[in-house]
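Everything on this sheet refers to the single structure shown next.
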Number of protein chains: 2
Amino acid sequence: MATSDLSKDLAPIVSNTMADMVEIRLREYLKRKSFRPGDALPKELELAEALGVSRNVLREALSRLRMLGMIETKKKRGMVLARPDILGTFERVLDPLIIDTGTLQDIFELRLVLEMGLADLLYIRKTDKDIQELEAIAKKEVNVDNTFRIKTEIAFHGKLYEMSGNDTLKRFQIMLLPIFDYMVAVEQQPTRGDVTHMDLVQILKNGSKEDFKRGMESHLKPHFDRLK
Amino acid sequence: MATSDLSKDLAPIVSNTMADMVEIRLREYLKRKSFRPGDALPKELELAEALGVSRNVLREALSRLRMLGMIETKKKRGMVLARPDILGTFERVLDPLIIDTGTLQDIFELRLVLEMGLADLLYIRKTDKDIQELEAIAKKEVNVDNTFRIKTEIAFHGKLYEMSGNDTLKRFQIMLLPIFDYMVAVEQQPTRGDVTHMDLVQILKNGSKEDFKRGMESHLKPHFDRLK
DNA sequence: TTTTTTGATTATGTACTACAAATGAAATTT
DNA sequence: AAATTTCATTTGTAGTACATAATCAAAAAA
């Protein structure tokens, strides 16, 4: 194992600051008391006193939970538990410039895996209207400038995710786009598989799910060929 | 569109608190100045003064970035930009009890999509040693009590993710496990496909990638059949 | 001269007080 | 009874003070 894995295997034993501990304790508290979205929380002073910390420290911890959308506060009404947007938090740290190359590669592969697995959902939920729209997108890209190639790529594959009928999946894909772009930009020559977007549309129209899976595999083959 | 989508389409125009704004401004600042991991940041008082807020508010924002692992601080040395653990942040909000049912369903499907798309990575990276270990796992579950069925499920599919050679993917799967368990537990009768774990192992040994994809599809078919 | 020790310095961590702003509830007026 | 005003309460922000710990440099010892 390389040294980079060490930090993943060995989490620090204790959290350094009080705010860290308070955050953990608050999470435990919310779980233990099985608070549900909408439930009101004790006020800051009570929490601070119960935890034996200053209101300052407590508010640092609360600020974190608030950022994640776990709690919402109003001036006099106090705090209530809320439903966090699970992807919103993800988005905050998804910057290709910050992520290490290993993880970048992992995410690139993750995207490929999603794309390959998408077929099953697609063949459950695709509609004629969807396919028509997808075809329109594919048609527009026939004589497009190379500068816009990435844009059309995004539009086409984005539509595929949309057709999956899974909002979370679609948002997730949108979120991963910058990573994907970054990785593709790093590649030297433009990658193009033997199966074009229009081919995929035709398969969706008339072909079987297995046909589509094979088609998608050919379409993404240049990317897979780079993997080891 | 249902009302639940409105909040996703229409984000609030202004962030309520100063801490929210400071968090945003700090992110912009880090990006604009293209700080890299390891770079030192100005000290709290300077930042607070520059932003025109109290040190208190600034620290609430910093606390958030610290939670995400974007910055690290030491007593006198000051703050340095760090590499956030992209999945660690995700984990914090992934609680089946908090997530709404729609998103739960989405994540359940996401897991299925991943599982189906895994084959391509597996056939690039699988080793004989991996397959032996996987077979050992599959053998152990032949006469296992129904209580432990879920555990063996986890072990087997977990090993598959491990064989993908993609750490992020594996961690992601581990993270989604509670959701998956929850959803499976909600299902009434235990789902079992026609293709067993042992069958999948045999396919990995001798079969083609397409065989494996078909096998996995049959294995997960009961889950897919519940989708609409 | 080199090493060790000591101490000053400095940035973060925590506590506390004070007040502003908002808002729900109670009291008052019509 | 309805509308208005006042009051009380809770979060949001500012500012001060001090604790803590890490760094660097100077002083002392070898």
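Within every chain, numbering begins at 1; the chains are lettered A, B, ... in the order of the sequence lines, protein sequences first and strands thereafter. Note that the structure is a prediction, hence the values are computed from the model and not measured.
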With respect to the side chain of B:Val57, which nucleotide from D:dT13, C:dT12, C:dT14 is positioned closest? D:dT13
To the nearest Å, give me how far apart CG (A:Leu65) and P (D:dT11) are. 14 Å
Round to a whole Å and report the spacing from CD of A:Glu60 to P of C:dG13. 8 Å
When rounded to whole Å, the CD to P distance for the pair A:Glu49 and C:dA15 reads 13 Å
Atom-pair distance (CE on A:Met79; C1' on D:dT9), nearest Å: 14 Å
If you compare every side-chain N and O of B:Thr73 against the phosphate oxygens of C:dA11 (OP1, OP2), does one of them come in below 4.0 Å? no
Looking at the rings of A:His223 and A:Phe180, which for Trp means the six-membered one, are their centres under 6.0 Å apart? yes
Fit a plane to each ring of A:Phe90 and B:Phe90, take the angle between them on a 0 to 90° scale, and name the class: parallel (under 30°), tilted (30 to 60°) or perpendicular (over 60°). perpendicular
Can you tell me if the side-chain N/O atoms of B:Arg77 get under 4.0 Å from OP1 or OP2 in D:dT20? no
Side-chain N,O (B:Thr17) to OP1/OP2 (D:dT11) below 4.0 Å: no
Grab the CZ-P distance between A:Arg66 and D:dT11 for me, whole Å please. 9 Å
Is A:Ser54 close enough to C:dA15 that one of its side-chain N or O atoms is under 4.0 Å from OP1 or OP2 there? yes
Give a yes/no on whether any side-chain N or O of B:Arg55 is located under 4.0 angstrom from OP1 or OP2 of D:dA17. no
Counting side-chain heavy atoms from C-beta on, which of C:dG13, C:dT14, C:dA22 comes nearest to A:Lys76? C:dA22
Proximal nucleotide (of C:dA15, C:dT12, D:dT23) relative to the A:Asn56 side chain: C:dA15
Atom-pair distance (NZ on B:Lys74; P on C:dT9), nearest Å: 24 Å
Picking from D:dT20, D:dT10, D:dG15, the nucleotide nearest the side-chain atoms of B:Lys75 would be D:dT20
Rounded off to whole Å, could you give me the CE-to-C1' distance for the A:Met18 and C:dA15 pair? 10 Å
Rounded to whole Å, how long is the line connecting atom CD of B:Glu44 with atom P of D:dA14? 15 Å
B:Val53 side chain, from C-beta outward: closest of C:dT12, C:dG13, D:dA14: D:dA14
Between B:Phe172 and A:Phe172, what is the ring plane arrangement, given parallel below 30°, perpendicular above 60°, and tilted in between? parallel
May I ask you to test the A:Leu134-A:Phe156 pair for a side-chain heavy-atom distance under 4.5 Å? yes
Does the Lys NZ or Arg CZ of B:Lys126 fall within the cation-pi geometry relative to B:Tyr123 - under 6.0 Å from the ring centre and within 45° of the axis? yes
Counting side-chain heavy atoms from CB outward, which of D:dT9, D:dG12, C:dT14 is closest to A:Lys43? D:dT9
